[in-house]
Amino acid sequence: MHRTYSMRQSRAPTASQIQNPPPPSSSTKANRLFGRSHIGHTFRKSAAGAFGPDLAKKLSQLVKMEKNVMRSMELVGRERMEVAQQLSIWGEACDDDVSDVTDKLGVLIYEIGELEDQFVDHYDQYRVTIKSIRNIEASVQPSRDRKQKITDQIAQLKYKEPNSPKIVVLEQELVRAEAESLVAEAQLSNITREKLKAAFTYQFDALREHSEKMAIIAGYGKHLLELVDDTPVTPGETRNAYDGYEASKAIIQDCEDALTNWVEQNAKVQSKLSTRARTLSQRRHQNRAQGEGLDLSGQDQHMDRESGLWIPASQHKGVDEYDDEDEVETETADGERGREDERVEAV
């Protein structure tokens, strides 16, 4: 039968990948402490805020929850591939037209699984950029603690020993601590805004590409369904011989070409602001020098990886003082990813 063609025979970079090289493989695809079980999700979510500085606990919990999201997306992508294979296996015993179409539909569904896998890699870049904000928050916490400690010491001395000479010394230390804290807080404010915009620009760009390509596959899938003859037949009547093998191959090829040549500039869905929203955005842009707003008119611009806003995952890995689980990946005999448990580091 015609079961040799696959969209995945071609691994040449797509136009979108040439324009914006893909990120490294997601850190969630390897190094898994709890394997594929749900216990890992529950543990990360419940323990996320238990460690590290108070200032960073909320964002730390968000980072761990996003890791759960990515693990779920990875599972969905893998199971889509298994479904695609099973669909083709089932259709093999059916009539020629159903057999050929289900095989080609399996190719499309398998491609959806591949897109899910690629989306996880892009989503991880959003997550590690958010994680960098968490790291900055953690670095600011000591300056806050030092200032609070000195303030408490001064208050205690003024209550117990109002005339103590240590009060003057502590007040001088408090002035220096407050100056250091102001610098740290300003850096936190600036970096938070920069990284927040970079992180969600990454997520939305990836989501836009993923959604457009899913829509492309869905459209060509419906073209394949037209090859199935669903005209009712009477008992004993024979259907016409199926002659759609070349047509189904051509549809798959057209789908592959559409996916390969897709770039963001050719996106079909455009987010256009209303006249009122654009006017308000431009007005706020004009008042930005007075700190009154931001311009939304350029919201659809793609993230420039050559700028300082894009942070490769490799630059984040290993720099955290209290990072995610340290885990080890192994390969099983059947090619599936196996996991070895390793101790969770928590500082």
Side-chain angles (χ1 to χ4, degrees), residues 1-23 25 73-74 76-123 203-231 239-272 300 302-303:
M1 296 297 291
H2 299 254
R3 297 184 179 276
T4 58
Y5 184 87
S6 172
M7 189 178 296
R8 305 314 304 171
Q9 289 177 349
S10 174
R11 291 287 181 173
T14 65
S16 178
Q17 290 174 337
I18 294 174
Q19 187 179 71
N20 296 285
S25 180
M73 290 190 294
E74 183 188 351
V76 169
R78 183 168 56 245
E79 293 193 345
R80 277 192 189 277
M81 297 178 195
E82 294 174 357
V83 165
Q85 294 170 354
Q86 188 62 31
L87 176 62
S88 181
I89 291 171
W90 166 76
E92 192 170 6
C94 298
D95 293 338
D96 288 348
D97 55 346
V98 175
S99 177
D100 182 53
V101 169
T102 54
D103 184 51
K104 298 306 185 293
L105 289 175
V107 172
L108 295 185
I109 295 174
Y110 194 92
E111 181 67 16
I112 292 175
E114 290 279 350
L115 290 178
E116 297 279 5
D117 191 67
Q118 295 170 17
F119 180 67
V120 171
D121 293 339
H122 287 281
Y123 200 89
Q203 180 182 154
F204 293 145
D205 284 344
L207 186 61
R208 187 181 210 177
E209 178 177 352
H210 181 70
S211 301
E212 290 258 345
K213 288 185 175 181
M214 293 279 275
I216 289 173
I217 292 175
Y220 283 101
K222 294 187 70 174
H223 286 307
L224 279 174
L225 294 178
E226 295 298 323
L227 299 178
V228 177
D229 182 10
D230 59 349
T231 304
R239 292 185 184 276
N240 295 329
Y242 177 65
D243 60 354
Y245 293 112
E246 295 302 321
S248 65
K249 286 184 180 181
I251 291 173
I252 292 293
Q253 186 62 56
D254 288 347
C255 182
E256 180 179 3
D257 292 341
L259 294 175
T260 300
N261 297 325
W262 186 92
V263 291
E264 187 172 8
Q265 289 78 2
N266 298 332
K268 300 299 182 181
V269 178
Q270 300 291 335
S271 303
K272 297 182 179 180
D300 289 335
H302 195 278
M303 173 63 67

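Atoms considered below: every heavy atom in the structure, side chains included; atoms not considered: hydrogens, waters and symmetry mates.
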Just do the side chain to side chain contact (heavy atoms under 4.5 Å, CB included) check on Tyr110 and Val107 with the steps written out, would you?
-> CA-CA 5 Å; Tyr110 194 92; Val107 172; 5.8 Å; no

Donor-acceptor pairs are to be reported for all side-chain atoms of residues 218-229 against protein atoms at under 3.5 Å, with residues two or more places apart or in another chain.
| unit_1 | atom_1 | unit_2 | atom_2 | d |
| --- | --- | --- | --- | --- |
| Asp229 | OD1 | Thr231 | N | 3.1 |
| Asp229 | OD1 | Thr231 | OG1 | 2.9 |

What's the shortest heavy-atom distance between Ser99 and Cys94, and which atoms?
-> CB-O, 4.0 Å

Please lay out, stage by stage, how Tyr242 and Val101 fare under the test side chain to side chain contact (heavy atoms under 4.5 Å, CB included).
-> CA-CA 11 Å; Tyr242 177 65; Val101 169; 4.2 Å; yes

How would you list, by chain and number, every residue that makes a side-chain hydrogen bond (donor to acceptor under 3.5 Å, both in side chains) with Asp254, sequence neighbours excluded?
-> none

Nearest heavy-atom contact between Ala267 and Arg208 is CB-NE, 4.1 Å

Mind checking the CD1-CE spacing from Ile112 to Met81? Nearest 0.5 Å is all I need.
-> 11.0 Å

Quick one: pull up CD in Glu111 and CD1 in Ile216 and give me the separation to the nearest 0.5 Å.
-> 10.5 Å

In Å, rounded to the nearest 0.5 Å, how long is the span from CD of Glu256 to CG of Asn261?
-> 9.5 Å

Stepwise side chain to side chain contact (heavy atoms under 4.5 Å, CB included) check, Leu108 with Cys255 = CA-CA 9 Å; Leu108 295 185; Cys255 182; 3.8 Å; yes

Minimal non-hydrogen separation, Gly106 against Ala84, with atom names = O-CB, 3.1 Å

Backbone N/O of Glu264 and side chain of Glu209: donor-acceptor pair under 3.5 Å | no

Supply the atom-to-atom distance Lys104 NZ to Lys249 NZ, rounded to the nearest 0.5 angstrom.
-> 6.5 Å

Could you tell me the separation between the NZ atom of Lys213 and the CZ atom of Phe119, rounded to the nearest 0.5 Å?
-> 12.5 Å

CZ (Arg78) and CD (Glu74) are apart, to the nearest 0.5 Å, by 5.0 Å

Close side-chain approach of Leu115 to His210, heavy-atom, < 4.5 Å = yes

Hey, mind stepping through Arg80 and Val76 against side chain to side chain contact (heavy atoms under 4.5 Å, CB included) and telling me if it holds?
-> CA-CA 6 Å; Arg80 277 192 189 277; Val76 169; 4.0 Å; yes

Heavy-atom donor-acceptor pair, Ser88 side chain to Gln85 backbone, under 3.5 Å = no

